[in-house]
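Position 1 is the first residue of the sequence, and the numbers go up from there.
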Amino acid sequence: MKIRSIETFSNEFVGMVRLSTGDGAEGWGQVSPYNADITALVLHRQIAPHALGQDALDIDALVDAIPEREHKFPGSYLRRALAGLDTALWDLRGKREGKSVCELLGGRPRPFPVYASSMRRDITPEDEAERFVHLRDAQGYGAFKFRVGRECGHDQDEWPGRSEAIVPAIREALGEDVSLLVDANSCYTPKKAIEVGRMLQDYGVCHFEEPCPYWELEWTREVTEALGLDVTGGEQDCDLPTWRRMIELRAVDVVQPDICYLGGLTRTLRVAKMAQAAGLPCTPHSANLSMVTVFTLHMMGALENAGPYVEFSIETSKYYPWQDGLFSPALQARDGKVQIPDAPGWGVEINPAWLATAEHRISALD
């Protein structure tokens, strides 16, 4: 079953991948969001030449061979492009076997708990609390994540006093029965992160994500060792040796790989297994409603060390207009859960109307 062609349909924000074999089988995947048009070019230039003509069912071999063939390019873009190939191959395999990817991995499609994930720092504590209350009442969320600090902020807040105000405001609005998670997006030095973390503990926050610059693993470990709540991270890391080091250092309490950033499902499963061997749970990063959340739901439905929920963005088309109309059926939260699609492969259909608006490229054997 040889790979005959690889197509991309992309714009600046998101890029879909269609893979076809010589016998007419087909699978759909997605490269990593953001600058996806650049990533699509990387796929055709540096991924497709090594994949065309190869066995579509030997996913592990391809995922291992391509980074070696492109060893002079060890960074993020190659992995973002590799994710498109990998996820299309998993879809093809699922369709061929008549199983969802979750079932291929030994799991069972079912409604899976999610946490409502805010992407905004431009929102006041009062407005964030108000929309969380609405979402709790309308869609049954039992866990919420919001932002503290400034992105790569060198200990600075988005505006003075915002973090100190938003934590008690959210807790007061939602009460004690809701789990609260926060994301600092690489804001703090260890000293400041520990100070903020103790304030978070006082309000029962259970999850402190990426408190320090993510590349400073020792800084993050210092925070982890000082605090009683879960310190989490890893979304940005696409290098498996870095993951091994992070886990060996016990830099975090919970690992958060991103399937699209890391290079696909195959590589993410390896990280999850490393974490399982170390006794750490895996709660991946899936911070938008592109296919990355579909991929994550399938994986989490099968992981033995799956965390308690999947990240589910609450940002609508007003904030992320590019994520609308990508596939159907659309993911929806009900009673704080989202159904893992149960049709073969990823269990969704890419929207033909969206494809018609995207830039199309093809790499083929002939």
Flag the pair [X] / [Y] as yes when at least one side-chain heavy-atom distance between them is below 4.5 Å, and no otherwise.
X: E128; Y: I170; result: yes
X: R18; Y: W28; result: yes
X: E26; Y: L92; result: no
X: R250; Y: L280; result: yes
X: V114; Y: K337; result: no
X: F13; Y: D37; result: no
X: P281; Y: D230; result: no
X: V133; Y: L174; result: yes

Next on the checklist: List the residues meeting salt bridge (Lys or Arg N to Asp or Glu O under 4.0 Å) with E195, not counting sequence neighbours, and say none if there are none.
Outcome noted: K192
Next on the checklist: Tell me every residue that passes salt bridge (Lys or Arg N to Asp or Glu O under 4.0 Å) with E315, counting only those two or more places apart in sequence or in another chain.
Outcome noted: R131
Checklist entry - side chain to side chain donor-acceptor pair (under 3.5 Å) between H44 and T8: does it pass, once the steps are laid out? => result CA-CA 8 Å; H44 289 286; T8 58; 2.8 Å; yes
Is it the case that more than 12 heavy atoms not belonging to [X] sit under 6.0 Å from its [atom1] atom?
X: R4; atom1: CZ; answer: no
X: E304; atom1: CD; answer: no
X: D177; atom1: CG; answer: no
X: E164; atom1: CD; answer: yes
X: R110; atom1: CZ; answer: yes
X: Y203; atom1: OH; answer: no
X: R96; atom1: CZ; answer: no
X: H360; atom1: NE2; answer: yes

Please confirm whether the backbone N or O of [Y] pairs with a side-chain atom of [X], one donor and one acceptor, at under 3.5 Å?
X: E103; Y: S100; value: yes
X: Q323; Y: S290; value: no
X: R45; Y: A40; value: no
X: D86; Y: L265; value: yes
X: T87; Y: Q30; value: yes
X: D237; Y: T242; value: no
X: T21; Y: A25; value: yes
X: R171; Y: G175; value: yes
X: R150; Y: Q156; value: no
X: T224; Y: A251; value: yes

Pairwise distance [atom1]([X]) to [atom2]([Y]) - rounded to 0.5 angstrom:
X: Y34; Y: S76; atom1: OH; atom2: OG; result: 13.0 Å
X: E311; Y: T283; atom1: CD; atom2: OG1; result: 10.0 Å
X: F73; Y: I66; atom1: CZ; atom2: CD1; result: 14.5 Å
X: F144; Y: R136; atom1: CZ; atom2: CZ; result: 7.0 Å
X: L82; Y: L43; atom1: CG; atom2: CG; result: 8.5 Å
X: L180; Y: C206; atom1: CG; atom2: SG; result: 7.0 Å

State, to 0.1 Å, how close [X] and [Y] come at their nearest heavy-atom pair, and which atoms those are.
X: A226; Y: I194; result: CB-CD1, 3.7 Å
X: V223; Y: C212; result: CG2-SG, 3.7 Å
X: T232; Y: P211; result: O-CD, 4.1 Å
X: P33; Y: R80; result: O-NH1, 3.0 Å
X: E209; Y: K145; result: OE1-NZ, 2.7 Å
X: P257; Y: L262; result: CB-CD2, 3.9 Å

Next on the checklist: For E235 and Q256: C-alpha separation, side-chain torsions, deciding distance, then whether side chain to side chain donor-acceptor pair (under 3.5 Å) applies.
Outcome noted: CA-CA 5 Å; E235 70 182 71; Q256 293 188 277; 6.0 Å; no
Item to check | D155/T189 under side chain to side chain donor-acceptor pair (under 3.5 Å): CA gap, chis, key distance, verdict | outcome: CA-CA 6 Å; D155 285 343; T189 58; 2.8 Å; yes
[X], [Y]: one ILVMFWY side-chain cluster at the under-4.5 Å cut-off?
X: V167; Y: L135; result: yes
X: V14; Y: Y319; result: yes
X: V348; Y: F295; result: yes
X: Y320; Y: F146; result: yes
X: L104; Y: V294; result: yes

Checklist entry - Between V310, V292, T296, which is the residue that forms a side-chain contact (heavy atoms from CB on, under 4.5 Å) with P284? => result T296
Pairs under 3.5 angstrom only: tabulate donor-acceptor contacts from the side chains of residues 325-335 to other protein residues two or more places apart or in another chain.
from	atom 1	to	atom 2	distance (Å)
Q332	OE1	R334	NH2	2.6

Checklist entry - Could you walk me through whether R120 and E158 pass the salt bridge (Lys or Arg N to Asp or Glu O under 4.0 Å) check? => result CA-CA 11 Å; R120 296 181 59 183; E158 190 68 13; over 6 Å; no
Checklist entry - Just checking, is any N or O donor in the side chain of E359 or S10 under 3.5 Å from an acceptor N or O on the other one? => result no
Checklist entry - Regarding D157 and S163, is there a side-chain donor-to-acceptor distance under 3.5 Å anywhere? => result yes
Item to check | Centroid separation W219 to Y214 less than 6.0 Å | outcome: no
Checklist entry - Relative to each other, are the rings of W346 and H298 parallel, tilted or perpendicular (30° and 60° limits)? => result perpendicular
Next on the checklist: Does the structure place the NZ or CZ of R79 under 6.0 Å from the centre of the six-membered ring of Y261, at an angle of no more than 45° from the ring's axis?
Outcome noted: no
Item to check | Worked verdict on R121 versus N185 for side chain to side chain donor-acceptor pair (under 3.5 Å) | outcome: CA-CA 11 Å; R121 281 186 168 83; N185 292 112; 2.8 Å; yes
Next on the checklist: If you apply the rule salt bridge (Lys or Arg N to Asp or Glu O under 4.0 Å), what do you find for R270 with D60, and how did you get there?
Outcome noted: CA-CA 11 Å; R270 295 175 186 177; D60 278 275; 2.9 Å; yes
